[in-house]
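Okay, structure first, notes after.
The structure presented is a predicted model; accordingly, all values stated were derived computationally and were not measured. Atoms considered below: every heavy atom in the structure, side chains included; atoms not considered: hydrogens, waters and symmetry mates.
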Amino acid sequence: MAANDLKIAAHFEEEMSALKREAKSGNPTSGSLSESLEKFEQLSVSYPGNSMVWKGLAELRVAEQERLGVLALKSMDMKTPQHPASWVSRQNVRQVVHGRDQQFTFEQLLLPQQNAEQWRMARRDFVRALILCPLDDDVRVSLVELDMVIPDAGSKSADLLTQAASLRPQHKQFLDYLSWLAKDEPGPAVQRKIEELRLPPDKKR
């Protein structure tokens, strides 16, 4: 079992590093992530009790949808106020859905090449990952980032955000991001809770 866990961890780190490199370059490749997705789908069948399998599968699903969005914008020569990758990111889509005007549904913001069901499957995969590893604060954040893809999922975001903040009360950058996520949804009340959980410099663990 330990050997299998190490093998899965190596696959996970390899795929996540590749995604980070591509995101940093801002220039997604034209080839899909289907091979990587297939590998993690197979792992999810063989090792359904490993949280990294579901977390990796979810990240790959979303990354593929974001990649398709960037390529679609570039093919249409769309001029966006931000870099295309930022424009189609999960954070930006969420911000628009939960924005003050709330003029668009999640599905209305997707480009023709994107698949809403893949976004929903990604969130369900993150749920599985959290069940298997309840102390993973990063998965909690991912669930909040994708709360716009499933009706009523946002009702759980307040708890997820405050739980994540309580797990890492000493990490300023992380808490600032949680506060930013909470700004539009769930709102100022949760932002205040996050601030209350922030440890002062002299009480850091």
Side-chain angles (χ1 to χ4, degrees), residues 19 33 37 40-41 44 48-69 72 82 85-169 174-198:
L19 291 180
L33 297 172
L37 276 166
F40 270 80
E41 284 171 347
S44 72
N50 188 296
S51 64
M52 280 188 293
V53 169
W54 296 109
K55 185 177 179 179
L57 182 56
E59 289 289 357
L60 285 165
R61 288 192 200 280
V62 179
E64 173 68 351
Q65 293 304 304
E66 292 175 337
R67 188 191 68 83
L68 289 170
Q82 301 167 309
S86 298
W87 191 248
V88 301
S89 70
R90 67 193 87 178
Q91 296 92 338
N92 192 65
V93 174
R94 180 183 190 269
Q95 194 175 27
V96 175
V97 172
H98 291 318
R100 191 173 299 173
D101 296 335
Q102 292 183 315
Q103 296 178 345
F104 302 98
T105 65
F106 162 67
E107 288 82 359
Q108 288 174 324
L109 295 173
L110 297 183
L111 292 158
Q113 292 87 341
Q114 294 176 305
N115 185 327
E117 185 56 25
Q118 285 294 313
W119 293 76
R120 296 188 184 101
M121 289 173 68
R123 195 174 194 280
R124 289 194 287 268
D125 291 340
F126 277 128
V127 169
R128 293 186 181 101
L130 185 61
I131 290 171
L132 292 166
C133 188
L135 295 180
D136 193 330
D137 46 0
D138 288 331
V139 171
R140 282 179 166 80
V141 174
S142 297
L143 286 169
V144 174
E145 291 172 340
L146 294 176
D147 66 5
M148 72 291 187
V149 308
I150 298 175
D152 301 324
S155 63
K156 300 177 178 64
S157 290
D159 288 339
L160 289 167
L161 285 164
T162 53
Q163 288 166 8
S166 67
L167 287 168
R168 291 170 68 181
F174 181 69
L175 293 179
D176 287 345
Y177 181 59
L178 296 183
S179 181
W180 178 82
L181 284 174
K183 181 178 179 181
D184 290 317
E185 181 68 32
V190 175
Q191 283 186 300
R192 287 193 292 272
K193 286 185 179 180
I194 292 170
E195 284 302 314
E196 290 169 3
L197 290 165
R198 189 191 296 267

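Taken from CD in Gln95 to CD in Glu185, the straight-line distance is 12.5 Å, to the nearest 0.5 Å. A distance of 10.5 Å separates CG of Leu57 from CD of Glu59, quoted to the nearest 0.5 Å. The CD atom of Gln118 lies 5.0 Å from the CZ atom of Arg61; values are rounded to the nearest 0.5 Å. Rounding to the nearest 0.5 angstrom, the gap separating the CG atom in Leu109 from the CH2 atom in Trp87 is 9.0 Å. Rounding to the nearest 0.5 Å gives a distance of 12.0 Å between CG of Leu161 and CG of Asp137. Atom-to-atom distance recorded for Arg192:CZ and Ser179:OG is 11.0 Å, nearest 0.5 angstrom.
Closest heavy-atom contact between Leu143 and Phe126: CD2-CB, 3.5 Å. Taking both residues in full, the closest heavy atoms of Phe174 and Ala164 are given as CE2-O, 3.5 Å, listed atom of the first, atom of the second, then distance. The minimum heavy-atom distance linking Pro169 with Leu175 is given by the pair O-CD1, 3.4 Å. Contact between Asp138 and Lys55 at its shortest, heavy atoms only, is CB-NZ, 3.9 Å. Annotation for Ala116 and Phe106: closest pair CB-CE2, 3.9 Å, computed over non-hydrogen atoms. When all heavy atoms of Leu197 and Ala165 are compared, the pair lying nearest together is CD1-CB, 3.8 Å.
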Stepwise side chain to side chain contact (heavy atoms under 4.5 Å, CB included) test for Val88 and Leu68: CA-CA 9 Å; Val88 301; Leu68 289 170; over 6 Å; no

Which is it for Arg90 and Val93 under the side chain to side chain contact (heavy atoms under 4.5 Å, CB included) test, yes or no, and what are the steps along the way? CA-CA 5 Å; Arg90 67 193 87 178; Val93 174; 5.8 Å; no

For side chain to side chain contact (heavy atoms under 4.5 Å, CB included), just list the numbers for Arg198 and Asp176, CA-CA rounded to whole Å, side-chain angles, deciding distance to a tenth of an Å, and then say yes or no. CA-CA 10 Å; Arg198 189 191 296 267; Asp176 287 345; 3.0 Å; yes

Does Gln65 form a side chain to side chain contact (heavy atoms under 4.5 Å, CB included) with Val62? I'd like the steps, not just the answer. CA-CA 5 Å; Gln65 293 304 304; Val62 179; 5.6 Å; no

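Ion pairing between a basic and an acidic side chain is recognised when a charged N comes within 4.0 Å of a carboxylate O; Asp159 and Lys156 show no such pairing. The pair Glu117-Arg120 meets the salt-bridge criterion, with a side-chain N (NZ, NE, NH1 or NH2) lying under 4.0 Å from an Asp/Glu carboxylate O. We find that Arg67 and Glu64 are joined by a salt bridge, their nearest charged nitrogen and carboxylate oxygen being less than 4.0 Å apart.
Using a 4.5 Å cut-off on side-chain heavy atoms (C-beta onward), Leu178 and Val190 make no contact. Val53 has its side chain out of reach of Leu132: every pair of non-hydrogen atoms, C-beta onward, lies at least 4.5 Å apart. Looking at heavy atoms from C-beta onward, Leu110 lies in side-chain contact with Trp119 at the 4.5 angstrom threshold.
Remark: of the listed residues Leu160, Leu146, Leu181, Leu181 is the sole one forming a side chain to side chain contact (heavy atoms under 4.5 Å, CB included) with Val141.
A donor-acceptor contact shorter than 3.5 Å is absent between the side chain of Glu145 and the backbone of Arg94. Side chain of Arg140 to main chain of Pro134: a donor-acceptor pair is present (N/O by atom type, distance under 3.5 Å, no hydrogens or angles).
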